[in-house]
Trainee: 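Mind having a look at this structure? Questions to follow.
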Amino acid sequence: MNRERHMLPVWFFIGVLLTLYGAIILATALSEMSHPPAIVLAKYHAGIWGGILLILIGGFYTLRFRPRSGEKKR
Amino acid sequence: MLFAAPSRMISLSLPDLLIIIFYFVMVLGIGLYLRSYANTSKDFFLAGREMSAWVAGLSFLSANMGALELMGWAAAAYQYGLLAAHFYWIAAFPSMVFLGLVMMPFYYISKTHSVPGYLQLRYGESTRALSGISFALMTILMSGINMYAMALVMKVVLGWNIHFSIWVSSLTVAVYVSLGGLFSAIFNEVLQFFLIWLGALIIPILGMLEVGGWSGLVVKIHERMHSNDYVHLWSTLGSFSGNPMGVHWTGILFGLGGVIAFGYWTTDFLVVQRAMAARDLRSAKMAPIIASYFKMMMPLIVILPGLLALAVLPFKLVPETAVQPGQYSYNEVLPLMLARYCGPGLLGLGVTALIAGFMSGMAGNVSAFATVWTYDIYQPYIRKFETDAHYVRVGRWCTILGVILSIATAYFVTQFKSIMDYMQALVSFFIAPLFGTVLLGMFWKRATPKAGFWGLLAGTLSSIAMYALVKANPAYLAIIALSPNAKDMAENLYRALWSWIICVLVTVIVSLFTTRKPADQLKGLVYGYTEIPSDRGLPFYQRPIFWGAGVAVFFAFLQWMFW
């Protein structure tokens, strides 16, 4: 039996971290909607779009590669 | 107008710090998780040879994205304009595809553990020893330089203590690589690949919105620099004096695209090790080809920010050696652009991308050092007949030793003024001649064991001698780089070219007068004596050559677009 089959894929770790980052960035950007930071092009609210994008990418990888009982993970 | 530079360029908020802390927790967690999977030498040094083409490919590229790659080339784009993109385009297309399609089969089929290991099989012990020792030295020097550069950036950008940055980042790398070996290094490199891209991508997106697209960028750069030389790839390379880099097209084509790029991508074990970890020959061939697509897209997050800075920053950056109080150096262009567009949270992601870049480069160097030291120095010359578990233990300790030596190097290089200069010098000393030795070994049956050793030694020593000559008397630059108008970058390109030519000439001449290896000892090592499995049974879209041809088309399009 191949041990590698029981190893969590790297994509799962990436998914978890990106989802976490997305949540932090989105929450921060939403909390600053009324008083945007002093940066160039603040009107585009890049934090909101960036946070959503990270949650979408991270969520996809987390769900797609999550550990499932009774299933080989590789 | 010059802005007064504060003691720190960027102030991080709580969300930014959380993002950085979670990154460190994740990489250490991955190392701990993979500890139980790295018990045999095959697992520890070659990640079990079970990586998919995508994982091996992204890791292959990520190991190269460390160093001063992000900061240094963004700075070079500010200084030289679009010419800096040559280091991503002509330095990627022919060489990475050549590695995948032509050279990888020899590395993979010979079942060697390392590039010096291949040289041992092809030429013999003396060439392996010379290559192994010089590679070990180079990786440690590179790793230390990376570490110092990162600490310096963190000090300038974030106001962090330089010793704190060096010790925290290097101990983290030591822990996760020594626990999980190449498994851990590769997993973290793929993670770092995502962070680098997602963290840096905001600059080109918002930057292009600010300047009004490519045409707006060209107009703004022309207004600021009063020259169009900054937005062309080839049209200004007809003479040394006609472009900001002070280089001729022959230097870019033959020195960079021919020798430096081929040498780096095809023989530097730091990157080749990742492709060797692939699960089968097709995946090993695909790994550098997949990496080459992303390498050619890297200018989006490295070169474009430098060009955007030329257009939008309200002050001028200066060379690192000429920074006065209140000024910023070229090397700070990327953090400056991050600070321009990123609010809390996104800023933390951008800074994490920089830290990830530096750590992936260091982990790559340290894991390659541990492999070469254990397999090519310790095993053949110090303790020959030990158990597999013994060599894994040595590999873990070598990782820690490599980090300690890197830290020592980091403190050593603080006395040098130009870091980039020494990095380029190391490549031309060790990588350019090595490419000559490996190339002749793979494709010329007549190359003899003695010739391999003397050619490599002559190439390395000649490169060091040329470097020393120019340091002693800068007038020699005009001779080595073929023009009185040549600048430092041209010297690096031509020095690499000459050292490769000297290596090849010496190898050929010595081969003609010494005894060659019998044919049966060259099977699986040399073109003509090696049966390479065909990809013809695969659908066309799964064949490496199909994707290699795609890189060629992509490359040609970019050259035409930015000529």
Side-chain angles (χ1 to χ4, degrees), chain A residues 1-67 72-74, chain B residues 13-19 22-23 25-27 29-30 33-34 36-37 39-40 43 47-52 54-55 58-59 183-184 186-195 198-199 201-203 205-207 209-210 279 312 337-350 352:
Chain A
M1 188 169 61
N2 190 346
R3 284 178 309 113
E4 175 71 6
R5 290 174 188 277
H6 296 278
M7 187 187 286
L8 282 172
V10 62
W11 314 112
F12 174 71
F13 295 103
I14 291 168
V16 170
L17 193 65
L18 294 187
T19 307
L20 188 61
Y21 281 180
I24 293 173
I25 291 168
L26 181 60
T28 307
L30 287 173
S31 72
E32 288 177 338
M33 279 286 279
S34 56
H35 52 286
I39 52 170
V40 174
L41 299 181
K43 63 182 177 182
Y44 289 119
H45 301 291
I48 291 177
W49 298 111
I52 291 171
L53 178 70
L54 286 170
I55 289 172
L56 287 176
I57 297 173
F60 169 76
Y61 278 114
T62 307
L63 291 174
R64 172 75 180 75
F65 296 100
R66 72 187 184 279
K72 289 176 178 173
K73 291 159 185 141
R74 183 78 179 164
Chain B
S13 59
L14 181 64
D16 301 320
L17 290 171
L18 277 177
I19 284 173
F22 283 137
Y23 168 71
V25 170
M26 180 57 90
V27 295
I30 287 175
Y33 173 71
L34 294 172
S36 60
Y37 293 92
N39 294 320
T40 68
D43 292 335
R49 277 204 154 143
E50 289 173 347
M51 295 294 117
S52 67
W54 274 94
V55 172
L58 297 186
S59 161
F183 268 133
S184 192
I186 287 181
F187 267 49
N188 278 304
E189 281 159 4
V190 177
L191 173 70
Q192 286 148 358
F193 174 87
F194 276 79
L195 293 180
L198 292 170
L201 201 56
I202 191 160
I203 299 174
I205 293 173
L206 289 182
L209 279 173
E210 185 182 0
R279 61 163 70 118
V312 301
M337 295 300 280
L338 274 176
R340 182 177 180 85
Y341 297 121
C342 296
L346 281 177
L347 192 57
L349 184 63
T352 304

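We name chains A, B, ... by the order of the sequence lines, and we start the count at 1 in each one.
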Trainee: Check whether Leu58(B) gets within reach of chain A through its side chain, its backbone, both or neither, counting any heavy atom under 4.5 Å.
Mentor: side chain
Trainee: Mind listing the closest non-hydrogen atom pair of Pro37(A) and Gly343(B) along with its distance?
Mentor: CG-CA, 4.0 Å
Trainee: Is any side-chain heavy atom of Trp11(A) less than 4.5 Å from a side-chain heavy atom of Val55(B)?
Mentor: yes
Trainee: So do the side chains of Val10(A) and Asn188(B) get within less than 4.5 Å of each other, counting heavy atoms only?
Mentor: no
Trainee: Would you mind telling me which of Gly29(B), Pro15(B), Ala339(B), Gly348(B) has the largest number of heavy-atom pairs within less than 4.5 Å of chain A?
Mentor: Pro15(B)
Trainee: So do Ile57(A) and Leu198(B) actually touch side chain to side chain, heavy atoms under 4.5 Å?
Mentor: yes
Trainee: Would you please go through residues 38-51 of chain A and name the residues with a non-hydrogen atom below 4.5 Å from one of chain B, in numerical order?
Mentor: Ile39(A), Val40(A), Leu41(A), Tyr44(A), Ala46(A), Gly47(A)
Trainee: With only heavy atoms counted, which part of Leu20(A) is less than 4.5 Å from chain B, the side chain, the backbone, both or neither?
Mentor: side chain
Trainee: Answer yes or no: is there a side-chain heavy-atom contact under 4.5 Å between Leu8(A) and Tyr33(B)?
Mentor: yes
Trainee: Give the member of Leu18(B), Leu349(B), Val25(B) that has the highest number of heavy-atom pairs under 4.5 Å with chain A.
Mentor: Leu349(B)
Trainee: Would you say that Ile25(A) contacts Ile19(B) through its side chain, given a criterion of any heavy-atom pair below 4.5 Å between the two side chains?
Mentor: yes
Trainee: Non-hydrogen atoms of chain A under 4.5 Å away: do they reach the side chain of Leu34(B), the backbone, both or neither?
Mentor: side chain
Trainee: Is Leu17(A) close to Phe194(B) at the side-chain level, that is, under 4.5 Å between some pair of heavy atoms?
Mentor: no
Trainee: With a 4.5 angstrom heavy-atom cut-off, which part of Tyr61(A) approaches chain B: side chain, backbone, both or neither?
Mentor: side chain
Trainee: Side chain, backbone, both or neither: which part of Leu201(B) has an atom under 4.5 Å from a heavy atom of chain A?
Mentor: neither
Trainee: Please enumerate all residues that pass side-chain hydrogen bond (donor to acceptor under 3.5 Å, both in side chains) together with Ser13(B), with sequence neighbours excluded.
Mentor: Asp16(B)
Trainee: Leu26(A) versus chain B, heavy atoms under 4.5 Å apart: side chain, backbone, both or neither?
Mentor: neither
